[in-house]
Protein chains: 2
Amino acid sequence: MLNTNPTNTAQFSPSLTLPAGSRECAGRNTMDTLKLLGEQLKPQRRVVHTGDTIYQAGERFGNLYILNSGFFKIVNLSADGREQVVGLKFRGDWLGFDGIAGGRYACDAVAMDTGEIWVVSYEALLATCAVQPELLQLLHAAMSREIAHDRDSLMSVCTLPADARVADFLRYWAQTLAERGMRGDEITLRMTRAEIGNYLGMTLESVSRALSRLARDNVIGFATKGRRDVQIPDVGALSAFVQRCLAPAPTMLQ
Amino acid sequence: MLNTNPTNTAQFSPSLTLPAGSRECAGRNTMDTLKLLGEQLKPQRRVVHTGDTIYQAGERFGNLYILNSGFFKIVNLSADGREQVVGLKFRGDWLGFDGIAGGRYACDAVAMDTGEIWVVSYEALLATCAVQPELLQLLHAAMSREIAHDRDSLMSVCTLPADARVADFLRYWAQTLAERGMRGDEITLRMTRAEIGNYLGMTLESVSRALSRLARDNVIGFATKGRRDVQIPDVGALSAFVQRCLAPAPTMLQ
DNA sequence: CGTATGATTGATGCAGATCAAACACAGTGG
DNA sequence: CCACTGTGTTTGATCTGCATCAATCATACG
């Protein structure tokens, strides 16, 4: 992989520069957006716990879901039994878009932590949008962001070596939390190495080795007890690590 | 890769069973949908030729595009110069969704053949949707399909070995053409091996070897002159080939 | 015809998969 | 309290699928 490497002169983006498209729609932040959605839609609120499934592949589509707290994984299941984590959802994300086209959800949405989701009937949402055009903008922005991010994911697995993929994964996680008003410098991975590996297209052993390497290079740190909490003192260091992985050769001397 | 392989007993879907979600919204077919869109939106029609760029990453968002004929690739470009084909668009597909959230397009859309695209101002589209709710359904269905397909792509690169990825790519291409009323048994790849490889996360040599293998096994055929045209007598054979690649071991004897 | 671009095929090397063993920690129950 | 068990993690050794390097061939075009 990483076969396309045109004159790579390591001009990586310095530290916290957010990539284009990652900021909230119309300059609005996540908290304000959630407040607006809560007021406009008066959604049914539902508390979920680790392992709860909000919808499953094949189930009849009817609702969209807005994640107010906690976090979810989206799992695709193929006819022949392959299982693939295809997305992670954080505070402010919407769930269930995949069901609109086919009338049935195409994936499973599984809670990875305790949290609260808001249930919104798609029909009711459309009705509300008809009298409140700003809502439609929010809906479309959420779908658009999902499409753009899915493409970034594909780019990651297609062009980055294993170590860089793990680093980029942590960078995205930390940035996402920060953008949404949560601490991004100390994140609790509520996924096993196997789940992370599945999401990134590598084995759990490779994930473990990559994390060890990142810790050895002081790009990340591990919390006192257990290896589930990851400290990220500087997000820029993760980006720099990715670039280092892409660097063609040491080119020592000359 | 393909490390998750739970009791894989090769119960592959027989022949032409379309996977859930691949049929058109509300049972409508592509031709009818295009007709409706053309009548309702009266879009500006624009002829494009190979290599034309309909929009580019960073360009200010304003229009969505509906592909009436021809075909496009969607290319993502990272800050450090990596280039990734993240999608292919066929007749009836929409282009430009990635621009809604950030106000700027996130990718390049490049024509791979002569064709016609319809230009629709996003603002005007929303206005029309307000008085024609069916249009909004079509829009959402198109976005939903894109999200679902992007996930399938990620699953492909994460769980399939190189040969199977190429086979699955051809299967998808053939099925998509068939669904949209075009011949699916003889497709002209208007992409180089390098472009296909980039899209599938492998080198051009691996693509070439995979195609040679598929031809040797009579799963595909090459047209008389040149290796750009691929004959696909039976789409099911491609699915079967994918399953064969996933089979744990030859298990000869017993 | 010569040149250029893309495709095929072979030889070799390596990143990451697979196999294997030891370790850490949280329950659980005596 | 500690032994016991199960689940997840780490780390090492080995193997292999695919990348890389390289040479030849095919088709298109000036």
Side-chain angles (χ1 to χ4, degrees), chain A residues 1-5 50-51 82 112 156-167 169 188-216 220 222-230 242 244-250, chain B residues 1-6 8 50-51 82 112 156-167 188-216 220-230 242 244-250:
Chain A
M1 230 122 319
L2 79 144
N3 44 335
T4 53
N5 209 334
T50 308
R82 282 170 292 141
M112 301 297 285
S156 237
V157 301
C158 283
T159 66
L160 295 182
D163 283 9
R165 233 135 78 209
V166 173
F169 163 77
T188 303
L189 303 174
R190 281 171 216 281
M191 308 169 73
T192 65
R193 305 296 191 242
E195 283 172 315
I196 297 171
N198 178 284
Y199 179 48
L200 299 177
M202 65 184 79
T203 58
L204 67 98
E205 293 95 330
S206 291
V207 174
S208 179
R209 280 184 239 271
L211 288 172
S212 298
R213 225 122 40 194
L214 284 165
R216 182 173 51 66
I220 64 168
F222 282 116
T224 45
K225 282 284 177 189
R227 310 262 105 79
R228 282 300 183 84
D229 292 8
V230 175
V242 171
R244 231 177 298 141
C245 290
L246 288 172
Chain B
M1 229 119 322
L2 79 145
N3 43 334
T4 52
N5 208 336
N8 189 339
T50 309
R82 282 170 291 143
M112 301 297 285
S156 236
V157 302
C158 283
T159 65
L160 295 181
D163 284 7
R165 232 135 78 208
V166 173
T188 303
L189 302 174
R190 282 170 216 280
M191 306 169 74
T192 65
R193 305 295 191 244
E195 282 172 316
I196 298 172
N198 179 283
Y199 179 48
L200 299 177
M202 66 184 79
T203 58
L204 66 99
E205 292 95 330
S206 291
V207 174
S208 179
R209 280 183 238 272
L211 288 172
S212 297
R213 225 124 38 193
L214 284 165
R216 181 173 52 67
I220 64 168
F222 282 115
T224 44
K225 282 283 177 190
R227 306 260 107 82
R228 282 298 183 83
D229 292 8
V230 175
V242 172
R244 232 177 299 140
C245 290
L246 288 173

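In what follows, chains carry the letters A, B, and so on, assigned in the order in which the sequence lines appear, proteins first and then strands, with residues in each chain numbered from 1.
A straight line from CD1 of I220(B) to P of dA7(C) spans 13 Å, rounded to a whole angstrom. What separates CZ of R213(A) from P of dA15(C) is a distance of 10 Å, to the nearest Å. Following rounding to the nearest Å, M112(A) (CE) and dG8(D) (P) show an atom-to-atom distance of 11 Å. The distance between atom CG of L189(B) and atom P of dG6(C), rounded to the nearest whole Å, is 15 Å. Counting to the nearest Å, the P atom of dA28(D) and the CG atom of D229(B) are 11 Å from each other. Atom CE of M202(B) and atom C1' of dA15(C) are 17 Å apart (whole Å).
Minimum interatomic distance between C158(B) and N198(A) (heavy atoms only, all atoms of both residues): SG-O, 4.3 Å. Taking all atoms of both residues into account, the shortest heavy-atom contact from V166(B) to L211(B) is CG1-CD2, 3.8 Å. Considering every non-hydrogen atom in both A210(B) and D163(B), the closest pair reads CB-OD1, 3.5 Å.
Side-chain contact between T50(B) and R190(B): absent, with no pair of heavy atoms (C-beta onward) separated by less than 4.5 Å. Looking only at side-chain heavy atoms (C-beta outward), D229(B) and F222(B) stay at 4.5 Å or farther from each other.
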Are any protein N/O atoms closer than 3.5 Å to N/O atoms in nucleotides 9-13 of chain D? If there are, list each pair with its distance.
unit_1  : atom_1 : unit_2  : atom_2 : d
dT9(D)  : OP1    : R228(A) : NE     : 3.1
dT9(D)  : OP2    : R193(A) : N      : 2.8
dT10(D) : OP1    : R193(A) : NH2    : 3.1
dT10(D) : OP2    : R193(A) : NE     : 2.7
dT10(D) : OP2    : R193(A) : NH2    : 3.2
dT10(D) : OP2    : S208(A) : OG     : 2.8
dT10(D) : O5'    : S208(A) : OG     : 3.2
dT11(D) : OP2    : S212(A) : OG     : 2.6
dG12(D) : N7     : R209(A) : NH1    : 2.9
dG12(D) : O6     : R209(A) : NH2    : 3.1
dA13(D) : N6     : R209(A) : NH2    : 3.3

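Here the side chain of R193(A) pairs no donor or acceptor atom with the backbone of S208(A) at under 3.5 angstrom. A donor-acceptor contact shorter than 3.5 Å is absent between the side chain of R244(A) and the backbone of A164(A).
In the helix from dC1(C)-dG30(D) to dG30(C)-dC1(D), the terminal helix axes, each the rotation mapping four pairs' C1' atoms onto the next four within five end pairs, subtend 30°, rounded to 10°.
Dashed line: the shortest gap from a side-chain N or O of T203(A) to OP1 or OP2 of dA17(C) is under 4.0 Å.
Under the 3.5 Å distance criterion, with hydrogens and angles disregarded, a donor-acceptor pair is assigned to the side chains of T159(B) and R82(A).
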